[in-house]
Peer 1: 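Here's a structure for you.
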Amino acid sequence: MTTPAKRLATEIQSPAATRPYDVEAIRADFPILRRQIHGHPLVYLDNAATSQKPQVVIDALTRYYESENANIHRGVHYLSEHATEEYEAARESVRAFLNAEAAHEIIFTRGATESINLVGQTYGRAHVGPGDEILITAMEHHSNIVPWQILCGEKGASLRVAPINDAGELLLDGFASLLSARTKLVAVTHVSNALGTIVPVRQIVDLAHARNVPVFLDGAQAVPHLPVDVRSLGCDFYAFSGHKVYGPTGIGVLYGKSALLEAMPPYQGGGDMISSVTFEHTTYNKLPYKFEAGTPNVSGAIGLGAAIAYVNRLGIEAIGAHGREILARATAAVSAIPGVRLIGTAKEKAGVLSFVLENVHPHDVGTILDQEGIAIRTGHHCAQPVMQRFGVPATARASFALYNTIEEVNALAAGIRKVQEVFA
Ligand SMILES: Cc1ncc(COP(=O)(O)O)c(C=O)c1O
């Protein structure tokens with residue numbers, strides 16, 4: 001049997017970025033894309049909510065449960081040791097994917113949401129006090145607002161919000177002017193899920209670090225589209241969800257710099273996060289286990305490892321280039337339709353096309369497109385403050401992945417015209 005370490009080494013050494021990007025061959029890797037919905041071929045454009053899974057990820061999950069299932073870290077028997085190796089190989093895959101310095105800086109969580117709550121309840125509780133401030137932006141997902149609000153409420157601190165312009169771009173001067181001696185943490189999205197804006201996070205890190213303020217980056221929408229190098233970004237924390245990058249649900253990642261993670265109190269208590277327990281006193285396990293209480297999502301981590309290997313085989317640069325072309329074509333096609341207003345027109349965008357249609361509620365747009373087999377998302381996208389900023393109750397959002405095609409973009413545009421005919 002190939003060991004997990006050997007398999008990982010082969011995967012890392014053989015990026016396929018030099019091969020031409022063959023979207024039809026790639027689509028064949030995703031069984032769900034062969035489905036018909038309401039008698040039409042599925043056009044799946046809800047990738048910012050969750051991505052579809054390639055066969056290699058489905059196979060990794062099946063293989064694990066069919067022939068490898070065991071609890072990890074505490075068995076001396078073969079299966080337990082093998083499952084542990086697979087789980088830790090997945091951690092190493094994530095480390096390499098983010099270019100973190102050490103595997104122990106990668107904590108497995110349930111997803112981006114849990115990663116953010118973890119930082120709030122550990123780092124945040126330890127470092128934020130009355131009168132302090134946490135600085136976010138006006139384009140955050142609720143996941144990167146509410147945990148900080150809870151912390152501020154507990155501690156008598158306040159949430160400050162850096163403004164965005166009408167294109168949905170962060171106003172860096174406004175951001176800089178909100179940084180002060182009271183700022184204890186900056187928490188910013190790398191890519192906006194509602195607008196698609198790519199935030200200049202390197203500049204944000206520089207501005208915050210100039211004032212010794214640590215930076216948390218929410219990479220849930222960035223990781224599927226952009227190469228992410230946490231060391232060159234210089235961020236202190238980085239979070240993402242496996243299911244948005246072709247992995248399973250229920251698994252996510254928190255990256256944190258060693259020194260910060262070492263100094264943080266644990267998040268949850270339980271098995272595996274301890275090194276010794278008496279009724280009087282508990283000492284905690286070393287990193288990363290201190291933050292992984294209880295039986296973790298072993299199959300999820302292994303599935304995420306398989307998803308990262310898949311992304312690496314295509315090459316994140318090639319995926320990004322394909323995504324830029326699809327988004328550019330979609331932007332041109334949809335904005336050419338009379339009565340369409342794009343919400344989010346930043347110069348730097350990834351993956352997301354949000355829009356509203358004159359005299360038609362976004363839910364009606366979504367429902368009629370669904371009848372054509374086209375899956376988009378409508379609503380506030382867990383970003384109600386963004387909707388308020390743009391004066392709309394909701395938008396229709398098409399979001400793209402590595403398997404989407406120009407034909408699907410054309411189907412979206414044709415579908416929107418059909419919506420208009422229905423409402424004419
Ligand atoms: C920018 C952003 N942050 C955080 C999240 C939360 O991710 P999850 O629900 O997978 O924890 C999402 C999900 O849509 C998101 O788009």
Side-chain angles (χ1 to χ4, degrees), residues 44-53 57 94 107-121 134 136-150 161-162 164 168-170 186-201 204 215-226 228 235 237-255 267 296-297 300-301 303-304 307 323 343-344 346 348-354 375-387 389 394-401:
Y44 187 76
L45 302 178
D46 194 17
N47 295 284
T50 199
S51 62
Q52 300 301 347
K53 318 305 169 199
V57 169
V94 175
I107 316 291
F108 283 125
T109 62
R110 279 198 302 123
T113 301
E114 189 175 48
S115 300
I116 299 168
N117 280 279
L118 189 162
V119 175
Q121 292 303 307
I134 294 170
I136 62 170
T137 78
M139 65 178 122
E140 302 307 323
H141 186 279
H142 296 165
S143 289
N144 201 31
I145 301 173
V146 183
W148 308 120
Q149 257 170 355
I150 292 172
V161 183
I164 57 177
E169 294 162 325
L170 181 67
V186 162
V188 170
T189 194
H190 192 169
V191 170
S192 155
N193 71 306
L195 303 168
T197 310
I198 302 176
V199 177
V201 286
I204 283 181
V215 178
F216 173 94
L217 295 179
D218 171 1
Q221 297 295 342
V223 158
H225 301 288
L226 310 175
V228 173
C235 57
F237 299 102
Y238 198 95
F240 73 91
S241 295
H243 69 97
K244 293 188 199 278
V245 63
Y246 313 105
T249 49
I251 186 78
V253 167
L254 172 68
Y255 156 80
Y267 175 47
N297 184 351
L304 176 57
I343 305 291
E348 299 290 334
K349 283 184 62 174
V352 165
L353 187 68
S354 265
I376 64 159
R377 183 143 300 236
T378 61
H380 54 63
H381 317 296
C382 295
Q384 286 182 346
V386 172
M387 302 299 116
R389 170 66 179 76
T395 74
R397 180 187 72 182
S399 56
F400 306 100

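By convention here, the first residue in the shown sequence is residue 1. Counting starts at 1 for both ligands and their atoms, following the listed order.
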Peer 1: Give the atoms of ligand 1, by number and element, whose distance to some non-hydrogen atom of Ser143 is under 4.0 Å.
Peer 2: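 With Ser143 as reference, the close atoms of ligand 1 come out as 4 (C), 6 (C).
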
Peer 1: Mind checking ring-ring contact (aromatic ring centres under 6.0 Å, His included) for His243 and listing every partner two or more places apart, or none if nothing turns up?
Peer 2: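 With sequence neighbours excluded, His243 shows a ring-ring contact (aromatic ring centres under 6.0 Å, His included) to no residue whatsoever.
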
Peer 1: For ligand 1, which part of Arg110 has a heavy atom less than 4.0 Å away: the side chain, the backbone, both, or neither?
Peer 2: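 None of Arg110 does.
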
Peer 1: For ligand 1, which atoms, with element, lie under 4.0 Å from some heavy atom of Ser241?
Peer 2: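 Every atom of ligand 1 under 4.0 Å from some heavy atom of Ser241: 7 (O), 8 (P), 10 (O), 11 (O).
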
Peer 1: Please identify which atoms of ligand 1 are closer than 4.0 Å to at least one heavy atom of His243.
Peer 2: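 In order of number, 10 (O).
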
Peer 1: What residue and atom, counting heavy atoms only, is the protein's closest point to atom 15 (C) of ligand 1, and at what distance?
Peer 2: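 Sorting protein heavy atoms by distance from atom 15 (C) of ligand 1 puts His141 CD2, 3.3 Å first.
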
Peer 1: Which of the atoms of ligand 1 are close to Thr189, meaning less than 4.0 Å from one of its heavy atoms?
Peer 2: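 By the 4.0 Å cutoff, the relevant atoms are 1 (C).
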
Peer 1: Could you identify the single nearest non-hydrogen protein atom to atom 11 (O) of ligand 1 and state the distance to 0.1 Å?
Peer 2: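 In this structure, atom 11 (O) of ligand 1 has Thr113 OG1, 2.6 Å as its nearest protein heavy atom.
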
Peer 1: Within the side chain of Gln221, is there an N or O that forms a donor-acceptor pair under 3.5 Å with the backbone of Gly196?
Peer 2: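 Looks like no, no N/O pair under 3.5 Å.
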
Peer 1: If you measure from each non-hydrogen atom of Lys244 to ligand 1, which part falls under 4.0 Å: side chain, backbone, both or neither?
Peer 2: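 Lys244 to ligand 1: side-chain contact only, backbone stays beyond 4.0 Å.
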
Peer 1: Tell me every residue that passes ring-ring contact (aromatic ring centres under 6.0 Å, His included) with Tyr44, counting only those two or more places apart in sequence or in another chain.
Peer 2: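 ring-ring contact (aromatic ring centres under 6.0 Å, His included) check on Tyr44 returns nothing, list empty.
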
Peer 1: Indicate whether the side chain of Thr395 and that of Ser354 have a donor and an acceptor atom separated by less than 3.5 Å.
Peer 2: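 Indeed, the side chains of Thr395 and Ser354 share at least one donor-acceptor pair under 3.5 Å.
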
Peer 1: Check each of Tyr238, Phe240, Tyr255 against Val228 using the side chain to side chain contact (heavy atoms under 4.5 Å, CB included) test, and report the only one that passes.
Peer 2: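 With Val228 as partner, Tyr238, Phe240, Tyr255 yield a single side chain to side chain contact (heavy atoms under 4.5 Å, CB included), made by Tyr238.
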
Peer 1: So with a 6.0 Å cut-off around CZ of Arg389, is the heavy-atom count from everything else above 12?
Peer 2: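 Yes, enclosed.
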
Peer 1: What's the shortest distance from atom 16 (O) of ligand 1 to any protein heavy atom, and which residue and atom give it?
Peer 2: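 Nearest protein contact, heavy atoms only, for atom 16 (O) of ligand 1 is Gln221 NE2, 2.7 Å.
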
Peer 1: Can you tell me the protein heavy atom closest to atom 2 (C) of ligand 1 and the distance?
Peer 2: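 Here the closest protein heavy atom is Asp218 OD2, 3.4 Å.
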
Peer 1: Say you draw a straight line from CE of Met387 to NE2 of His380; how long is it, rounded to the nearest 0.5 Å?
Peer 2: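 Those atoms lie 8.5 Å apart.
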
